[in-house]
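The analysis underlying the following values was restricted to heavy atoms, covering all of them including side chains, and did not include hydrogens, waters or symmetry mates.
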Amino acid sequence: MRNKNQAVLLWVWSPCEFQIVGLRHPAASPLVLDHTEDGSTSRSVILDQSPGLRVGKAAPGSFSPTPSLSWPTPLCPPGPEHHVLRLQSGLEDGDLYDGAWCAEEQDANPWFQVDAGHPTRFSGVITQGRNSVWRYDWVTSYKVQFSNDSRTWWGSRNHSSGMDLVFPANSDPETPVLNLLPEPQVARFIRLLPQTWLQGGASCLRAEILACPVSDPNDLFLEAPAWGSSDPLDFRHHNYKAMRKLMKQVNEQCPNITRIYSIGKSYQGLKLYVMEMSDQPGEHELGEPEVRYVAGMHGNEALGRELLLLLMQFLCHEFLRGNPRVTRLLTEMRIHLLPSMNPDGYEIAYRRGSELVGWAEGRWNIQSIDLNHNFADLNTPLWEAQDEGQVPHIVPNHHVPLPTYYTLPNATVAPETRAVIEWMKRIPFVLSANLHGGELVVSYPFDMTRSPWAARELTPTPDDAVFRWLSTVYAGSNLAMQDTSRRPCHSQDFSMYGNIINGADWHTVPGSMNDFSYLHTNCFEVTVELSCDKFPHESELPQEWENNKDALLTYLEQVRMGIAGVVRDKDTELGIADAVIAVDGINHDVTTAWGGDYWRLLTPGDYMVTASAEGYHSVTRSCRVTFEEGPFPCNFVLTKTPKQRLRELLAAGAKVPPDLHRRLERLRGQKD
């Protein structure tokens, strides 16, 4: 996940029932509480019992200000966000508050206050320092105080001395530090008072407040709606052992439509398991497209892993129930689910847990390689050939070969990356999505900017219309992305653009899997950023499943969009492998699979399509794509060239037919 982000984030969770305390007014403006009686600066965030929401921008009308508080000065554009501790700074890292909550530099006695909105049992605090490219800022110790009216405060005390406790905080910007209170405190307000911070730095922190709501004796607050799903699925986080066990259970429950296989091993020897789901598992059926979902490329982005485990359970259960939508999916396509591309990284994040894993811990594989930057950069050689006018006549616009440096034994290529590349080569995938976390947006290729060294730049593919369609389908079916009341995850509000973005226009990523899939194979792939929280708590998994269930199914169904068919030899009527399918006006071709079948994703319209193969005469025909469910059948029959027929006859030791002999004589005469 790539993201940009500002200000403080808090996640309030419950040690009793792990309920989430969230935002009361998600669309309101941020606050700064300044000009306080002691001259310090504070920022306050207002929460209420709204499971599933995160802290966001607070509203001036949400509680009554005391005389020491003044409203509505903005905190910092765009103000505090609404998620968890592990936020990241923005690309520009442009102001003091980017990547954390920070007091004003001149403040000698800073404090940070949270209003839970109603009685709450506070039990602890987790802190990090500021995430920044340019600065080192973190709090090294702090006190905690509580209040019911924001006027009278009491502190968390040391039982032996009776003094206010000073809690040790951070010694680096990223490692989360947990401090549990000696005794839980019931209050409406909690205040963090930094006591010391890194010398030469500022008082900056990221924090999660551990708490659970308590019953209100006056019954003034409405019960929050319960999060959940009616699907009978296993809503837990699964480590490697539990994941294998669950996949085996699904396979045993639905043996006729499932197959488990491994595409390779991680650096530490964990297998990269794939669940295949189809009415004929284990074989490619002529005319049936291959689709895939990949999750866990970044090991600490755990939601995608769990969604794919839930998806395979759901497909199995619904197929057994006779669900017509699921039955059609499994009979019309072959689905491959890779829940954990980076199992080594996930195990690191899993051991730390949802609350204590940082923004980057477990992200990389065990070799410290970011797998989403580890695929071969095929963009650069293609663009250089285009600049020299060599594409597509000299250099093809598809299936760009791997650079020599990338194939060397000492090349820095992770075993997980190599395994996925070989997987892509073995199976003629048509459609894919790569599931990430830490944002709510769908990004589509190209991921790499065409201008060298540009941090971001709109860089569309020749199939921009298709990629925008695919991205919009997922974003438009995702409940969280379509929630108009939600706050942005970070500083960019992707809802203004339909929750989709060109990857390079967001943040350049050389060597991404999306770009590699498009340029090295026939597969169209997007990245889905599933949730603001990379590693949501187990209690949130049912709602996250509901948020994404229809989107996961609807996206797979888009493989029917476009044209499909078989390219056959006129004489033998056999399929021709590696025939090229070119669409007039789109400078990107696809090729046929080994049986001669192909799929070409296209948006509705009329197209002139040409099929060509070495040793055959090319054929062009018109193909129409409509808004009706497809794909539109567009088959081709190719005739061998005289030279090709002669080669095959001579190789077989057969006699040359008179008609072929005459045609060859005419060709020789034309050359003379």
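- Residues satisfying the side chain to side chain contact (heavy atoms under 4.5 Å, CB included) criterion with Arg624, sequence neighbours excluded, are Asp606, Thr626.
- By the side chain to side chain contact (heavy atoms under 4.5 Å, CB included) test, Ser471 pairs with Val442, Tyr444, Ile500, Val526, sequence neighbours left out.
- Using a distance-only test at 3.5 Å, with no hydrogens or angles considered, no donor-acceptor pair links the side chain of Ser443 to the main chain of Asn502.
- A distance-only check finds a donor-acceptor pair linking the side chain of Trp138 to the backbone of Asn170 [under 3.5 Å].
- Between the side chains of Tyr518 and Asp463, at least one donor N or O lies within less than 3.5 Å of an accepting N or O.
- The cationic group of Arg305 lies under 6.0 Å from the six-membered ring centre of Tyr346 and within 45° of the ring axis, placing it in a cation-pi geometry.
- With hydrogens and angles disregarded, a donor-acceptor distance shorter than 3.5 Å links the side chain of Glu529 to the backbone of Gly437.
- Contact check on Arg206 versus Glu174 returns a salt bridge, with a Lys/Arg side-chain nitrogen under 4.0 Å from an Asp/Glu carboxylate oxygen.
- Defined by atom type and a distance below 3.5 Å, a donor-acceptor pair is present between the side-chain atoms of Thr380 and Asp377.
- Asp370 and His298 are linked by a side-chain donor-acceptor pair at a separation below 3.5 angstrom, with hydrogens and angles left out of the test.
- Listed for the Thr472 side chain is a donor-acceptor partner under 3.5 Å among the backbone atoms of Arg468.
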For the pair Leu307 and Tyr293, evaluate side chain to side chain contact (heavy atoms under 4.5 Å, CB included) and give the outcome as yes or no after the intermediate values.
CA-CA 10 Å; Leu307 287 179; Tyr293 278 127; over 6 Å; no
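- For the residue pair Gln482 / Asn478, no side-chain donor-acceptor distance below 3.5 Å is found, with atom types taken as modelled.
- Thr459 places a side-chain N or O within donor-acceptor distance of the main-chain N or O of Glu457, the cut-off being under 3.5 Å.
- For the pair Asp231/Lys549, a side-chain contact is recorded, criterion being any heavy-atom separation below 4.5 Å from C-beta on.
- Distance alone, capped at 3.5 Å, is enough to place a donor-acceptor pair between the His588 side chain and the Asn397 backbone.
- Of the possible polar contacts, none joining the Asn548 side chain to the Ala551 backbone as a donor-acceptor pair under 3.5 Å is found.
- Of the N and O atoms on the side chains of His237 and Glu538, not one donor lies less than 3.5 Å from an acceptor on the other residue.
- Phe235 places a side-chain heavy atom less than 4.5 Å from the side chain of Leu233.
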